[in-house]
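Okay, so here's the structure we're looking at.
Counting convention: from 1, in listed order, for ligands and their atoms alike.
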Amino acid sequence: MFKTEETYTYFQGKIVPFHEAKVSVMCHAFNYGTGFFGGIRGNWNEEEQQLYIFRLEQHYKRLSSSSRLLLMKFHEKVSFEMFENVILDVVKKSNIKSDVYIRPLVYKSSDIVGVRLNDLEDDWTVYLAPLGDYVPLTGIRCCSSSWRRISDNAISARGKITGSYANSAFSKSEALMHGFDEAIVLDQNGFVVEGSAENLFIVREGTIITPNFSSDILEGITRKTILQLAQDHGIPIVERSIGRTEIYYADELFLCGTGAKVCPVIEVDYRKIGDGTPGPIATRLQKLYFDTVKGKIPQYKNWLTPVY
Ligand code: PMP
């Protein structure tokens with residue numbers, strides 16, 4: 001596994017050694033959380049000696065939407081081709097030949113005191129990090145968080161806004177400090193929405209159920225992928241609200257995200273989910289997902305950008 005300190009970073013329009021990419025303490029985004037980011041995985045395929053970046057265009061689209069939301073210029077200044085080229089250059093120059101986590105970050109770069117979104121400069125950076133399994137993939141134990149997900153009329157959970165991750169951190173730390181692996185987060189009305197950094201699915205009588213985009217969820221790219229894989233493999237899908245106790249009634253529960261991949265949940269609030277082991281549909285979708293991201297399924301190769 002490589003070390004971030006040995007990689008290159010895109011910063012202020014140039015590719016520089018990681019340690020040279022530094023912002024001022026007065027940077028607006030550092031003070032007020034006025035930025036947004038992406039989390040993208042490159043997956044190393046040992047047989048093909050190839051690194052495949054997963055769903056780059058979807059990540060670019062979500063970043064561009066966040067750019068509009070936060071009154072930034074990223075979506076006007078940076079085309080998909082530019083974005084793709086910068087990412088490929090950073091990864092190639094860093095000579096990454098293993099799994100990699102790619103973090104584009106767009107931020108209000110003005111050194112200025114003043115809480116607002118308008119009339120500020122913005123810039124973007126891309127750095128790399130090693131990231132193994134973000135949570136254990138063999139089945140995790142969760143608790144319902146006592147914190148609530150930020151609502152669409154507070155910050156919006158739809159994109160990855162830096163400031164809103166303080167909300168995720170509250171839930172995640174509460175879960176970890178109580179001895180759980182991850183938090184199940186509810187919205188202001190008490191409906192189940194997400195993990196602290198994952199979208200959530202339950203399985204009931206063979207149907208996969210997940211909250212829809214009117215709920216306070218991140219518009220997750222792994223979620224979108226799972227829905228497509230399920231559809232293509234004849235697994236029925238429903239997008240609707242999920243009450244807290246419905247997860248205790250579910251046959252299966254799993255979380256998904258770029259970091260978490262597809263992760264079965266085997267217990268919530270001291271109640272076993274199903275028989276307390278990873279269920280058949282979560283296990284099937286997990287395998288399909290792994291094969292997809294490594295480039296092993298020709299049908300889904302158009303979701304991958306080869307680096308070399
Ligand atoms: N929800 C939250 C709050 C997240 O931080 C993430 C991780 N990006 C996800 C869901 C999953 O999104 P994606 O599949 O796009 O990584």
Side-chain angles (χ1 to χ4, degrees), residues 33 35-43 53-66 69 87 99-106 129 131-135 137 140 142 144-145 147-152 154-176 181-187 191-202 208 210-230 239 242 253-263 265 282 285-286 288-290 292-293 300 303-304:
F36 55 90
F37 59 94
I40 306 172
R41 270 192 195 266
N43 296 288
I53 303 180
F54 192 56
R55 306 206 75 172
L56 208 43
E57 195 157 5
Q58 287 295 322
H59 283 281
Y60 173 78
K61 281 188 181 158
R62 189 170 64 194
L63 291 168
S64 296
S65 300
S66 299
L69 176 64
I87 288 188
D99 290 350
V100 57
Y101 183 77
I102 303 162
R103 165 63 57 83
L105 171 65
V106 186
L131 184 70
D133 292 339
Y134 180 75
V135 287
L137 297 177
I140 60 169
C142 297
S144 299
S145 180
W147 302 96
R148 294 290 169 264
R149 189 82 179 112
I150 36 142
S151 73
D152 206 40
I155 296 185
S156 174
R158 230 173 268 287
K160 294 169 78 70
I161 298 171
T162 54
S164 75
Y165 274 80
N167 175 249
S168 300
F170 275 105
S171 297
K172 179 78 180 192
S173 284
E174 181 185 43
L176 292 177
D181 299 303
E182 183 54 282
I184 302 289
V185 186
L186 314 183
D187 67 13
F191 289 106
V192 172
V193 279
E194 293 188 292
S196 73
E198 305 87 12
N199 289 111
L200 175 146
F201 285 80
I202 60 172
I208 61 170
T210 194
N212 67 22
F213 283 165
S214 314
S215 311
D216 294 321
I217 62 168
L218 184 89
E219 298 201 355
I221 289 158
T222 319
R223 175 189 181 279
K224 190 180 173 93
T225 302
I226 293 296
L227 289 174
Q228 188 67 54
L229 293 175
E239 294 179 62
I242 300 172
L253 171 59
F254 60 93
L255 301 176
C256 71
T258 301
K261 302 174 180 171
V262 177
C263 171
V265 177
L285 287 168
Q286 190 187 52
L288 270 171
Y289 172 80
F290 287 153
T292 299
V293 299
Y300 301 119
W303 286 343
L304 309 177

For this session: With sequence neighbours excluded, tell me which residues meet salt bridge (Lys or Arg N to Asp or Glu O under 4.0 Å) with D187.
Result: none
For this session: Output, in order, the C-alpha distance, side-chain angles, deciding distance and verdict of side chain to side chain contact (heavy atoms under 4.5 Å, CB included) for V135 and L255.
Result: CA-CA 10 Å; V135 287; L255 301 176; over 6 Å; no
Problem set entry | Protein residues that have a heavy atom under 4.0 Å from any atom of ligand 1, sorted by chain and number | R62, R149, K160, Y165, E194, S196, A197, E198, N199, L218, G220, I221, T222, C256, G257, T258
For this session: Going by the salt bridge (charged side-chain N to carboxylate O under 4.0 Å, His left out) test, name the single residue among R158, K61, R62 that passes it with E219.
Result: R158
Exercise. Does L218 offer a backbone N or O that forms a donor-acceptor pair with the side chain of E194 under 3.5 Å?
Worked result: yes
Seminar exercise, completed: Tested for side chain to side chain contact (heavy atoms under 4.5 Å, CB included) against I40, the lone hit among T258, I87, I221 is I87
For this session: Would you kindly say whether S145 and S171 are connected by a side-chain donor-acceptor distance under 3.5 Å?
Result: yes
